[in-house]
Asker: 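Below is one structure. I have some questions about it.
Atom set for the values below is all heavy atoms of this structure, side chains included, hydrogens, waters and symmetry mates excluded.
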Amino acid sequence: MENIRVGVVGVGHLGMHHARVYTEILGAQLVGVVDINEERAQTIAEPLGVPVYGDFATFLRIARPDAVSIVVPTSKHYEIAKVAMEHDAHVLVEKPVTTSVDEAEKLLNLAVERDVILQVGHIERFNSAVEHVREFVKDPYFIQTRRVGPFSPRISDVGVVLDLMIHDVDIILSMVNSELISISAMGRCIRTDHEDIASVQLRFANGAMAQILVSRVSEKRQRMMEITEAERFVTVNFETQDITVQRSVRESGGNIVEVVEHPVFPKTEPLKMELQHFISCIRDGLQPMVGIKDGKRALEVCVAALRQIHEEKPQSASILSAM
């Protein structure tokens, strides 16, 4: 079969890795990169042997891609994804999918209308540790996540809720098989006009709870998830892709001992797994593991949390009836 012709729109900190990985994926052909900073784009594209385009319309007209990765500021996601799908191109758009739930709903409808794949870049779903944990964690009582680190001016158009917390919201929603019934959120603006630190509590109809802490003004970087089940406590390190499982085991004499396990499993590059999945979905006509409905659902929770943080008013999750 012919290669899937793909382009990358936006080759900043993350986009340049999208471009690199596409050249490493069997069945994909990188046909160009698009960026308003053509000088930077040239430094990325030249070693990869692909052309640079200064505007998206020209790229669509000349390169005629089958698919695109959209890795630009969130405020541009809707506009570019809409144009791409109107040209019958499949789309992988980085998280958050859009700046508003209404825009996400419009993209969902357009993807159905044009019969194209629309995948949302929640990369942590493709983390090997997350995929392995999903194989044995079935009924979590409590999930706690910490995604913190020092300040960086690289992300300036959104706060930590849409930049960092949305990763953990998406994972938690995918792991807890129950309706979300309440959200409690608080946060503070410290270094920017957006929230730089935030904490959110989620409660589900089956009694499960989740606590999410995110910060971009902390001293040390940490990316962790802790999962409590009836007889098991699981710790996941997103960065090292390591898992620790603590279990209570009853011995033949009746004594209960604590057993600590460190599962061994293959570790892979999450971005490569994500982009390979995107290409496979296009080739096989399958819906992606993280589709627009998942992206919209995570965005709805984050928008509800932001409303509490910035309006300082309690917000019931009952408005999220779609969940």
Side-chain angles (χ1 to χ4, degrees), residues 95 122-149 160 164-185 197-215 218-274 276-277 289-290 294 297-298 301-302 305 317 323:
K95 60 79 198 165
H122 285 285
I123 191 172
E124 292 288 28
R125 289 271 209 112
F126 296 87
N127 187 303
S128 300
V130 174
E131 291 187 323
H132 188 73
V133 160
R134 198 180 297 279
E135 294 179 5
F136 62 85
V137 169
K138 303 301 180 185
D139 189 23
Y141 288 175
F142 180 59
I143 301 177
Q144 185 173 25
T145 65
R146 294 184 300 280
R147 193 173 293 268
V148 302
V160 288
L164 299 178
M165 184 178 287
I166 197 166
H167 281 298
D168 300 310
V169 168
D170 173 65
I171 291 172
I172 291 166
L173 292 178
S174 73
M175 295 187 72
V176 180
N177 186 27
S178 182
E179 178 187 0
L180 177 62
I181 60 174
S182 73
I183 299 169
S184 177
I197 187 168
S199 175
V200 169
Q201 292 180 323
L202 306 178
R203 188 162 63 92
F204 296 85
N206 67 353
M209 301 179 295
Q211 171 73 49
I212 309 171
L213 174 65
V214 290
S215 169
S218 298
E219 180 184 3
K220 295 181 180 179
R221 180 180 171 92
Q222 189 178 38
R223 302 285 191 268
M224 302 289 293
M225 175 170 63
E226 297 169 341
I227 305 168
T228 303
E229 289 190 293
E231 297 182 353
R232 180 164 48 199
F233 182 79
V234 181
T235 302
V236 177
N237 185 318
F238 291 114
E239 292 197 302
T240 64
Q241 300 186 33
D242 291 320
I243 298 173
T244 301
V245 181
Q246 296 172 260
R247 295 189 297 117
S248 298
V249 178
R250 187 177 297 276
E251 296 181 314
S252 57
N255 295 327
I256 296 178
V257 298
E258 294 295 320
V259 176
V260 180
E261 302 169 333
H262 300 281
V264 177
F265 52 92
K267 298 179 182 181
T268 57
E269 181 183 0
L271 180 60
K272 190 167 188 177
M273 295 300 100
E274 180 182 54
Q276 280 184 337
H277 179 70
M289 181 172 71
V290 191
D294 300 274
R297 191 177 183 219
V301 174
C302 289
M323 298 183 183

Asker: Does a side-chain heavy-atom distance below 4.5 Å link Leu202 with Ser182?
Answerer: no
Asker: Could you measure the distance from the CG atom of Leu271 to the CG atom of Asn127? Nearest 0.5 Å is fine.
Answerer: 12.0 Å
Asker: Please tell me if the side chains of Phe126 and Thr268 come closer than 4.5 Å, counting only heavy atoms from C-beta onward.
Answerer: no
Asker: In Å, rounded to the nearest 0.5 Å, how long is the span from CD1 of Ile166 to CG of Leu173?
Answerer: 10.0 Å
Asker: Within a strict 4.5 Å, meaning less than it, do heavy atoms of the Thr145 and Leu213 side chains meet?
Answerer: no
Asker: So Val214 and Ile197, side chain to side chain contact (heavy atoms under 4.5 Å, CB included) or not? Walk me through it.
Answerer: CA-CA 6 Å; Val214 290; Ile197 187 168; over 6 Å; no
Asker: Taking all non-hydrogen atoms of both residues, which atom of Ala185 and which atom of Ala305 are closest, and how far apart?
Answerer: CB-O, 3.7 Å
Asker: Could you note down all residue pairs passing ring pair (Phe, Tyr, Trp, His ring centres under 6.0 Å) where residues 238-261 supplies at least one of them, sequence neighbours left out?
Answerer: none
Asker: Which residues pass the ring-ring contact (aromatic ring centres under 6.0 Å, His included) test with Phe204, not counting sequence neighbours?
Answerer: none
Asker: Any sub-3.5 Å donor-acceptor pair from Arg223's side-chain atoms to Val148's backbone N or O?
Answerer: yes
Asker: Show the nearest heavy-atom pair for residues Ala205 and Ser178, with the distance to one decimal.
Answerer: N-OG, 3.4 Å
Asker: Is there a side-chain contact between Ile227 and Met225 (heavy atoms, below 4.5 Å)?
Answerer: yes
Asker: Atom CZ of Arg297 and atom SG of Cys302: how far apart are they, to the nearest 0.5 Å?
Answerer: 12.0 Å
Asker: Please find the pair of heavy atoms, one from Ser215 and one from Val160, that lie closest to each other, and give the distance.
Answerer: C-CG1, 4.2 Å
Asker: If you measure from CD on Gln241 to OG on Ser128, what distance do you get to the nearest 0.5 Å?
Answerer: 4.0 Å
Asker: For Gln276, give me all partners under side-chain hydrogen bond (donor to acceptor under 3.5 Å, both in side chains), at least two apart in sequence or on another chain.
Answerer: none
Asker: Mind checking side-chain hydrogen bond (donor to acceptor under 3.5 Å, both in side chains) for Gln246 and listing every partner two or more places apart, or none if nothing turns up?
Answerer: none
Asker: I'd like to check the side chain to side chain contact (heavy atoms under 4.5 Å, CB included) partners of Thr235; sequence neighbours left out, ordered by chain and number.
Answerer: Met224, Glu226, Phe233, Thr244
Asker: Under 6.0 Å from the CG atom of Asn177, do we count more than 12 heavy atoms belonging to anything else shown?
Answerer: no
Asker: Just wondering, are more than 12 heavy atoms of other shown residues or ligands nearer than 6.0 Å to CD in Glu258?
Answerer: yes
Asker: Taking only Lys NZ, Arg NE, NH1 and NH2, and the carboxylate oxygens of Asp or Glu, determine whether Glu261 and Arg247 approach each other closer than 4.0 Å.
Answerer: yes
Asker: With Arg125, which residues qualify under salt bridge (Lys or Arg N to Asp or Glu O under 4.0 Å), at least two apart?
Answerer: Asp170, Asp294
Asker: Looking at NE2 of His122 and CE of Met289, how far apart are the two atoms once the value is rounded to the nearest 0.5 Å?
Answerer: 11.0 Å
Asker: Determine, step by step, whether Ile183 and Val200 satisfy the side chain to side chain contact (heavy atoms under 4.5 Å, CB included) criterion, reporting the C-alpha distance in whole Å, the side-chain angles of both residues, the deciding distance to 0.1 Å, and the verdict.
Answerer: CA-CA 7 Å; Ile183 299 169; Val200 169; 4.1 Å; yes
Asker: With Lys272, which residues qualify under side-chain hydrogen bond (donor to acceptor under 3.5 Å, both in side chains), at least two apart?
Answerer: none
Asker: Measuring only between side-chain heavy atoms, which start at C-beta, is Pro140 closer than 4.5 Å to Val176?
Answerer: yes
Asker: Assess whether side chain to side chain contact (heavy atoms under 4.5 Å, CB included) is satisfied between Ile143 and Met209, documenting all intermediate values.
Answerer: CA-CA 6 Å; Ile143 301 177; Met209 301 179 295; over 6 Å; no
Asker: Partners of Glu231 by side-chain hydrogen bond (donor to acceptor under 3.5 Å, both in side chains), sequence neighbours excluded?
Answerer: none
Asker: Report the C-alpha separation of Arg146 and Asp168 in whole Å, then their side-chain angles, then the decisive distance to 0.1 Å, and conclude whether the salt bridge (Lys or Arg N to Asp or Glu O under 4.0 Å) test is met.
Answerer: CA-CA 9 Å; Arg146 294 184 300 280; Asp168 300 310; over 6 Å; no
Asker: Provide the full list of side-chain hydrogen bond (donor to acceptor under 3.5 Å, both in side chains) pairs with a residue in residues 129-141, sequence neighbours left out, each pair given once.
Answerer: Arg134-Ser174
Asker: If you look at every heavy atom in Ile243 and Ala129, which pair is closest and at what distance?
Answerer: CD1-O, 3.5 Å
Asker: Hydrogens and angles aside, do Gln144 and Gln211 bring a side-chain donor and acceptor to less than 3.5 Å of each other?
Answerer: no
Asker: For Glu124, which residues count as a salt bridge (Lys or Arg N to Asp or Glu O under 4.0 Å) partner, sequence neighbours excluded?
Answerer: Arg147
Asker: State which residues pass salt bridge (Lys or Arg N to Asp or Glu O under 4.0 Å) with Arg203; sequence neighbours excluded, sorted by chain then number.
Answerer: none
Asker: Would the distance check show the side chain of Lys95 and the main-chain N or O of Ile123 forming a donor-acceptor pair, the cut-off being under 3.5 Å?
Answerer: no
